[in-house]
K.L.:
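Pasting a structure below so you can have a look.
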Amino acid sequence: MAAPPNGAQAPSEEDLKLYALQQKYTEEATKRLRPELDGQFVDLKNAGESRVQKLGRDLWADHAALNARELIKDGSRYKFVILGGGFGAQILAVRLIEAGLIKTREDLLIVEAGGGFGGTWYWNRYPGLHCDVESYVYLPLLEETGYVPKWKYSPGYEILEHAQRIAKKWDLDEKALFRSKITAATWDDEKSLWNLDVAESRGPGEEPRHLKIQCEYFLPAFGILATPQVPRVEGLDKFVGPMFHTARWDYSVTGGSQEDPQLTGLEGKRVGIVGTGATAVQSIPHLAKYAKELYVFQRTPSAIYERNQRPTTDEEWSKIASHPSWQLERQSNFASYTTGAPHPLPDLVNDEWTHLPGLRAQLGSPLYGLIPPTPEAITAHITRLLKLNIPCHERAHARITSIVSSPETAAALKPYYPVWCKRPCYNDEYLPTFNLRNVHLVDTNGEGISSASETSIFAAGKEFPVDVLILSTGFRTPLEGDGCPAIKMNVSITGRDNLSFTDKWTKQGATTLHGIATSSFPNLFFQNAIQNGSGANWVYSASIWIEQMVSIISAAEKQAAEKGGKRAVAEVTVAGEEGWAGVMMQHAAYFAGVGGCTPGYGNASGAFGQIPKDQAEMMKKARLAVWSFGLESYREMLEGWRKEGKLEGYEVRVVEA
Ligand code: NDP
């Protein structure tokens with residue numbers, strides 16, 4: 001916020017508070033910015049043989065059972081191939097089935113890297129894992145499955161069971177190839193088919209199987225935070241004690257299980273945990289119960305709001321699920337209240353998510369219209385958002401002061417960044433943990449751990465000997481490669497005229513129609529949180545993208561049938577995607593507040609906030625925007641587009657064979 005010009009009215013008390021806070025925010029963010037940006041992390045994409053790369057291996061796959069399954073034949077052809085086995089993939093499969101597009105077993109293959117369904121809930125099994133979005137809006141297909149979540153916020157194992165429930169109900173298991181990665185996807189324009197190269201892991205010590213398969217539609221559903229990462233610090237490879245990433249929790253070391261987290265294996269041990277993001281916040285209270293000494297290495301504190309967990313009662317459920325389409329209505333209600341959009345009903349979820357208006361800076365809102373890309377308009381917009389943030393900031397700080405007894409620890413736990421910069425946490429056990437005598441907060445004042453040795457972690461200028469080391473250091477940013485889907489899923493995609501997906505995205509910047517498809521890549525629809533509408537509830541966002549893609553596929557297939565053809569090829573036109581990129585660029589200025597955030601995965605470790613080196617780079621950044629009026633408005637816009645029935649921005653060809 002700029003100081004008032006000479007002769008202008010004296011600043012109000014609120015202005016002064018805002019100014020001081022913003023200065024502090026900038027100071028803290030600048031302190032954390034590293035020249036190597038995301039290069040400070042090693043990603044665990046390809047589990048290798050080094051100590052660190054091994055941390056990415058799959059601990060959960062039942063290789064014997066999976067090896068006994070019928071083999072997918074090399075050279076098989078499918079109508080649809082979905083990449084991924086998380087909720088995005090499952091909802092898509094169910095919607096394709098419901099639309100009558102899957103008739104035989106050969107119509108669908110799901111290729112998933114893990115040993116089962118669940119996506120993030122397959123990989124993450126750490127103690128304390130819960131979804132912090134209300135289960136009644138998060139768990140997909142509740143009406144269709146008739147499942148009643150046991151808690152307002154589901155534990156991870158309940159969510160994983162739900163993924164298995166969905167697989168069972170829609171026979172998805174038999175359509176899945178687990179432990180497999182699609183490495184290349186190449187469009188054959190003559191045959192109008194995708195050729196996919198697949199590597200199927202057969203377990204430790206076994207050679208992977210390499211398959212070539214074909215499909216009419218290639219549908220990647222790769223999720224948002226799929227690749228764990230660890231800090232690239234000197235000596236981590238040398239640590240001799242047990243060490244693991246929270247996304248691969250090793251219960252053989254800690255004892256207990258996800259369902260019963262009695263971590264008795266840690267009794268008498270000095271345990272170090274690096275990171276204090278949403279994952280660490282959920283697991284630290286459990287570690288504290290068992291470790292002899294727990295060292296929490298903090299680089300940036302998280303903002304912790306109330307959880308208020310409670311079981312689902314019959315009485316409450318009868319009110320929640322009282323009429324058909326209740327879940328969609330509730331999801332839409334939640335999206336509306338998080339973005340300040342009007343909704344005919346009161347706030348149904350009514351938790352901290354809907355009480356943090358500062359989040360509109362990231363989620364969009366219909367309240368403020370388009371923000372013109374002028375310094376004055378952007379400054380006024382950021383000032384307005386910072387004002388919305390003040391009560392959020394004060395609540396988070398007051399909570400720490402009232403719970404944490406040591407003033408020094410309380411001060412170190414206080415976050416200094418706007419609420420939208422990092423995922424807010426909702427937890428009632430984390431802060432009281434720091435009153436326990438065996439729990440030690442090692443605040444590194446934004447620096448992070450500096451190195452490791454065979455037996456210790458070095459941080460804040462001191463050595464901390466630990467027996468067990470847990471890395472809760474997050475995931476590869478979704479902005480990797482400017483949000484390019486091919487880079488994120490690590491697939492080499494080649495479209496018409498030998499065009500590389502990655503080259504197109506890298507040269508032009510993000511280029512899609514409505515965020516789900518791009519020209520030169522026919523019959524390819526992806527779920528990616530760029531150039532579309534996106535909200536706090538990933539499942540609801542994905543459902544909206546899926547509704548759009550399935551309706552396009554259905555309409556294209558119908559056209560093909562009416563014209564006497566056997567199948568359809570739907571492709572975005574250049575005019576369609578460039579028109580949409582223009583719309584997104586108009587929405588970009590709204591998100592200016594995110595640029596100045598403290599580094600994290602939301603701004604690619606600060607890269608997103610750096611001043612573009614030229615006009616071309618600035619335009620590319622602007623193309624990474626999402627629909628700034630919020631998710632509900634995006635959904636309504638797509639509904640209007642579908643109602644017109646013109647498939648505007650797509651070209652459909654009919655194929656005979
Ligand atoms: P985060 O990226 O949020 O946290 C990583 C942590 O590691 C940060 O505290 C980071 O500090 C710290 N870190 C990184 N490098 C170092 C270093 N060199 N030294 C010390 N600390 C370091 O990952 P999480 O796994 O916690 O969460 C990721 C996301 O997953 C969440 O934001 C949320 O979207 C999702 N999630 C959702 C849950 C749910 O309930 N639905 C539950 C858990 C996670 P710094 O902040 O300074 O970078």
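Atoms considered below: every heavy atom in the structure, side chains included; atoms not considered: hydrogens, waters and symmetry mates.
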K.L.:
Decide whether Lys31 and Thr598 meet the rule of one side-chain donor and one side-chain acceptor closer than 3.5 Å.
P.N.:
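No, no side-chain donor-acceptor pair sits under 3.5 Å.
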K.L.:
Donor-acceptor check, side chain of Ser541 to backbone of Ser534, threshold 3.5 angstrom: yes or no?
P.N.:
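No, because the side chain of Ser541 does not come within donor-acceptor range (under 3.5 Å) of the backbone of Ser534.
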K.L.:
Among residues at least two apart in sequence or on other chains, which ones pass ring-ring contact (aromatic ring centres under 6.0 Å, His included) with Trp123?
P.N.:
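Not a single residue meets the ring-ring contact (aromatic ring centres under 6.0 Å, His included) criterion with Trp123.
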K.L.:
Give a yes-or-no answer on whether the side chains of Thr276 and Tyr430 include a donor-acceptor pair shorter than 3.5 Å.
P.N.:
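No pair is found: no donor N or O on one side chain lies under 3.5 Å from an acceptor on the other.
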K.L.:
Relative to each other, are the rings of Trp353 and Tyr426 parallel, tilted or perpendicular (30° and 60° limits)?
P.N.:
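Taking Tyr426 first and then Trp353, their aromatic rings sit tilted (interplane angle of 30° to 60°).
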K.L.:
Could you tell me which residues satisfy side-chain hydrogen bond (donor to acceptor under 3.5 Å, both in side chains) with Glu161, sequence neighbours excluded, listed by chain and number?
P.N.:
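Per chain and number, Glu161 pairs via side-chain hydrogen bond (donor to acceptor under 3.5 Å, both in side chains) with no residue.
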K.L.:
Give every residue pair that meets the ring-ring contact (aromatic ring centres under 6.0 Å, His included) criterion with at least one member in residues 359-381, sequence neighbours excluded.
P.N.:
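Applying ring-ring contact (aromatic ring centres under 6.0 Å, His included) to every pair that reaches into residues 359-381, excluding sequence neighbours, yields His381-Tyr590.
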K.L.:
With respect to Gln548, which candidate in Leu513, Asn532, Ile516, Ile553 satisfies the side chain to side chain contact (heavy atoms under 4.5 Å, CB included) definition?
P.N.:
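With Gln548 as partner, side chain to side chain contact (heavy atoms under 4.5 Å, CB included) holds for just one option, Ile516.
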K.L.:
To the nearest 0.5 Å, what is the distance between NE2 on His130 and CD on Gln282?
P.N.:
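Output value for this atom pair is 7.5 Å.
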K.L.:
Using the ring-ring contact (aromatic ring centres under 6.0 Å, His included) criterion, which residues pair with Tyr25? Sequence neighbours excluded.
P.N.:
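Applying ring-ring contact (aromatic ring centres under 6.0 Å, His included) to Tyr25 gives His393.
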K.L.:
Sequence neighbours left out, what passes ring-ring contact (aromatic ring centres under 6.0 Å, His included) with His245? Give chain and number order.
P.N.:
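Checked His245 against ring-ring contact (aromatic ring centres under 6.0 Å, His included); matches are Phe475.
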K.L.:
Classify the angle between the aromatic ring planes of Tyr147 and His162 as parallel (below 30°), tilted (30 to 60°) or perpendicular (above 60°).
P.N.:
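Taking His162 first and then Tyr147, their aromatic rings sit tilted (interplane angle of 30° to 60°).
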K.L.:
Below 30° counts as parallel, above 60° as perpendicular, anything between as tilted: where do the rings of Trp580 and Tyr634 land?
P.N.:
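The rings of Trp580 and Tyr634 sit tilted, inter-plane angle from 30° to 60°.
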K.L.:
Nearest 0.5 Å, what's the CD1-CG distance between Ile304 and Leu431?
P.N.:
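Here the interatomic distance stands at 5.5 Å.
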K.L.:
Would you say the side-chain atoms of Asn490 pair up with the backbone N or O of Ala486, donor to acceptor, closer than 3.5 Å?
P.N.:
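Such a contact is absent between Asn490 side chain and Ala486 backbone.
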K.L.:
So Trp505 and Phe501, would you call those rings parallel, tilted or perpendicular, with 30° and 60° as cut-offs?
P.N.:
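Parallel.
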K.L.:
Between Glu632 and Ser336, is there a side-chain donor-acceptor contact under 3.5 Å, judged purely by atom types and distance?
P.N.:
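Result is no, nothing qualifies.
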K.L.:
Using distance alone, with no hydrogens and no angle criterion, decide if Thr227 and Asp43 have a side-chain donor and acceptor under 3.5 Å apart.
P.N.:
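No - no donor-acceptor pair under 3.5 Å links their side chains.
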K.L.:
Between the side chains of Thr511 and Glu577, does any donor sit under 3.5 Å from an acceptor?
P.N.:
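No donor-acceptor contact under 3.5 Å links the two side chains.
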K.L.:
With distance as the sole criterion, is a donor-acceptor pair present between the side chains of Trp627 and Ser633 under 3.5 Å?
P.N.:
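Distance-only check passes for Trp627 and Ser633.
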K.L.:
Treating Lys504 as the side-chain partner and Ser519 as the backbone partner, does any N or O pair qualify as donor plus acceptor under 3.5 Å?
P.N.:
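Checked: pair present.
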K.L.:
Are Tyr540 and Arg635 close enough that a side-chain donor and a side-chain acceptor fall under 3.5 Å?
P.N.:
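Looking only at side-chain atoms, Arg635 and Tyr540 do form a donor-acceptor pair, the distance falling under 3.5 Å.
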K.L.:
Are Arg307 and Tyr153 in a cation-pi setup, meaning NZ or CZ lies under 6.0 angstrom from the ring centre and within 45 degrees of the ring axis?
P.N.:
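Yes, cation above the ring, under 6.0 Å and within 45°.
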K.L.:
Test of understanding: with side-chain contact (heavy atoms from CB on, under 4.5 Å), list the residues that count as partners of Lys387, not counting sequence neighbours.
P.N.:
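Testing Lys387 for side-chain contact (heavy atoms from CB on, under 4.5 Å), a comparison that skips the adjacent residues, returns Glu14, Asp15, Leu18, Thr383.
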